[in-house]
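Let me begin by presenting the structure, written as structure tokens, before commenting on it.
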Amino acid sequence: MNGELFPSAEDHEKNIGERFNEFCGRRQIRRVFISSQNAALVQYRIPTYAQGFSVRVQHLANHRPCNILVQDIEGIYTLQNFGRNINCSLTTFFDAKIRLLLTNTGLEHNGILHKKTRKAEPEVDVEKSLSKECVKRGMRDYVQIGGSSGLDTSKMQIVEEICGQDHHPNSKYKRIFCGMVTIRLVSSGNFANKVVAEIRRMEFEEFDLANYICEN
């Protein structure tokens, strides 16, 4: 959309050439295209009257959703990597206020690295902790919150970056005026990461309450 792809090239397992197809002329396309996220885009240019095309769309169940485009004006959403080395993003088409309800990304407690494992392990009572500036500290698993004027997550202006584990880590909404707002979960594949967030569309009357306004 507008020359940008969601998510950005660095956040998608497929290369750019595998993510879009272009057709022209008089031909019948029998291929099936399956989106790896909750949205697919069909763009077209038909300058001649009485010419056109038809498509058939079928909605499939995605049991491991990763990248989400949000159109509902409010809701609670979950991003998780299911233990994979993959980055997942949630992006709104509007200015939004965000409240994190749960954050659980890669941690190191008392010098012990708790990696994901296939075998069941006894529960360990660990101290909850939440940290910021995770990239500077060398963390490979973290959550970024920010905004931009387009869909490309690599151009996102970062408002906050957190890592660790906590329930209800932010009791207050973070209001972001950018046109589009994104939550990005970065995962190394060594942990089963998860973030749950409540998102609501911001009204213009809330402009004075904004925590962050994107630069043009």
Side-chain angles (χ1 to χ4, degrees), residues 7 11 38 63-70 72-92 95-148 153 156-178 180-202 206 209-214:
D11 281 354
N38 77 321
H63 301 291
R64 289 191 172 188
C66 183
N67 297 296
I68 304 172
L69 287 175
V70 176
D72 297 335
I73 61 174
E74 62 179 61
I76 295 177
Y77 299 89
T78 300
L79 284 178
Q80 55 189 127
N81 70 325
F82 297 97
R84 298 172 294 175
N85 178 16
I86 191 172
N87 299 338
C88 299
S89 297
L90 178 152
T91 296
T92 71
D95 301 312
K97 50 186 179 182
I98 295 175
R99 185 165 69 97
L100 296 183
L101 304 179
L102 180 147
T103 302
N104 189 351
T105 64
L107 290 174
E108 182 174 345
H109 287 293
N110 300 322
I112 301 176
L113 193 65
H114 297 280
K115 293 187 178 181
K116 64 182 179 66
T117 176
R118 294 184 179 180
K119 296 182 180 180
E121 296 182 349
E123 292 187 1
V124 180
D125 185 15
V126 296
E127 180 183 356
K128 295 180 181 179
S129 62
L130 202 64
S131 304
K132 297 185 179 181
E133 296 185 343
C134 310
V135 175
K136 290 183 179 180
R137 297 173 55 238
M139 304 296 290
R140 298 174 59 199
D141 299 74
Y142 50 88
V143 178
Q144 291 178 330
I145 300 174
S148 63
T153 50
M156 177 177 70
Q157 298 180 35
I158 299 174
V159 178
E160 187 173 41
E161 181 181 271
I162 57 176
C163 50
Q165 182 185 45
D166 203 355
H167 291 79
H168 302 277
N170 289 318
S171 58
K172 295 182 180 180
Y173 285 105
K174 189 169 295 294
R175 294 172 168 84
I176 303 174
F177 268 94
C178 290
M180 295 184 180
V181 178
T182 296
I183 300 175
R184 182 170 178 256
L185 176 64
V186 178
S187 301
S188 65
N190 292 326
F191 304 89
N193 299 323
K194 183 178 181 179
V195 58
V196 180
E198 179 183 0
I199 296 178
R200 293 177 180 270
R201 186 180 68 184
M202 287 191 62
E206 299 179 88
L209 301 175
N211 301 98
Y212 188 86
I213 302 174
C214 280

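FYI, the numbering just counts along the sequence from 1. Because only heavy atoms are used, hydrogens play no part in the values below, and waters and symmetry mates are left out as well, while side chains stay in. Small disclaimer: the values here were computed from a predicted structure and weren't measured.
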Note to self: Can you list everything that forms a salt bridge (charged side-chain N to carboxylate O under 4.0 Å, His left out) with K97? Sequence neighbours excluded, please.
What the structure shows: E206

Next item on the list: Write down the atom of C163, the atom of M139, and the distance for their closest heavy-atom approach.
Entry: SG-CG, 4.1 Å

Notebook entry, point to check: With no hydrogens and no angle check, do the side chains of N193 and S187 hold a donor and an acceptor under 3.5 Å apart?
Noted result: yes

Next item on the list: Quick one: list whatever passes salt bridge (charged side-chain N to carboxylate O under 4.0 Å, His left out) with E74, sequence neighbours left out.
Entry: R200

Check: Short question: side chain of T182, backbone of R184 - any donor-acceptor pair under 3.5 Å?
Finding: no

Margin query: Can you list everything that forms a ring-ring contact (aromatic ring centres under 6.0 Å, His included) with Y212? Sequence neighbours excluded, please.
Written below: none

Checklist line | Partner residues of R201 under the salt bridge (charged side-chain N to carboxylate O under 4.0 Å, His left out) criterion, sequence neighbours left out | finding: E203

Note to self: Quick check: closest heavy atoms across V159 and K174, and the distance to 0.1 Å?
What the structure shows: CG1-CD, 3.8 Å

Next item on the list: Indicate the atoms forming the closest heavy-atom contact of I213 with A210, along with that distance.
Entry: CG1-CB, 4.0 Å

Item checked: Close side-chain approach of V195 and L102, heavy atoms under 4.5 Å -> no

Item checked: Residues D166 and T103: side-chain donor-acceptor under 3.5 angstrom -> no

Margin query: Using side-chain heavy atoms (C-beta onward) and a distance below 4.5 Å, is V196 in contact with L100?
Written below: no

Notebook entry, point to check: Are T105 and I162 close enough that some pair of their side-chain heavy atoms sits under 4.5 Å apart?
Noted result: no

Margin query: Using side-chain heavy atoms (C-beta onward) and a distance below 4.5 Å, is I183 in contact with L79?
Written below: yes

Notebook entry, point to check: So, Y173 versus E198: side-chain donor-acceptor pair below 3.5 Å or not?
Noted result: yes

Margin query: So N87 and L185, do their side chains get closer than 4.5 Å, heavy atoms only?
Written below: no

Notebook entry, point to check: Is there side-chain contact between V186 and D141, with at least one heavy-atom pair below 4.5 Å?
Noted result: no

Notebook entry, point to check: Do any N or O atoms from the side chain of R137 and from the backbone of C134 form a donor-acceptor pair under 3.5 angstrom?
Noted result: no

Checklist line | Those residues that, when tested against E161, pass side chain to side chain donor-acceptor pair (under 3.5 Å) (two or more places apart) | finding: Q144

Check: Does some side-chain heavy atom of Y142 sit less than 4.5 Å from a side-chain heavy atom of V135?
Finding: yes

Next item on the list: Grab the two heavy atoms, one from F191 and one from N81, that are nearest each other, plus how far apart they are.
Entry: O-ND2, 2.9 Å

Next item on the list: Indicate yes or no: at least one non-hydrogen side-chain atom of L101 is less than 4.5 angstrom from one of I76.
Entry: yes

Check: Would you find a donor on one side and an acceptor on the other, under 3.5 Å apart, between the side chain of N67 and the backbone of S89?
Finding: yes

Margin query: List the residues meeting side chain to side chain donor-acceptor pair (under 3.5 Å) with D95, not counting sequence neighbours, and say none if there are none.
Written below: none

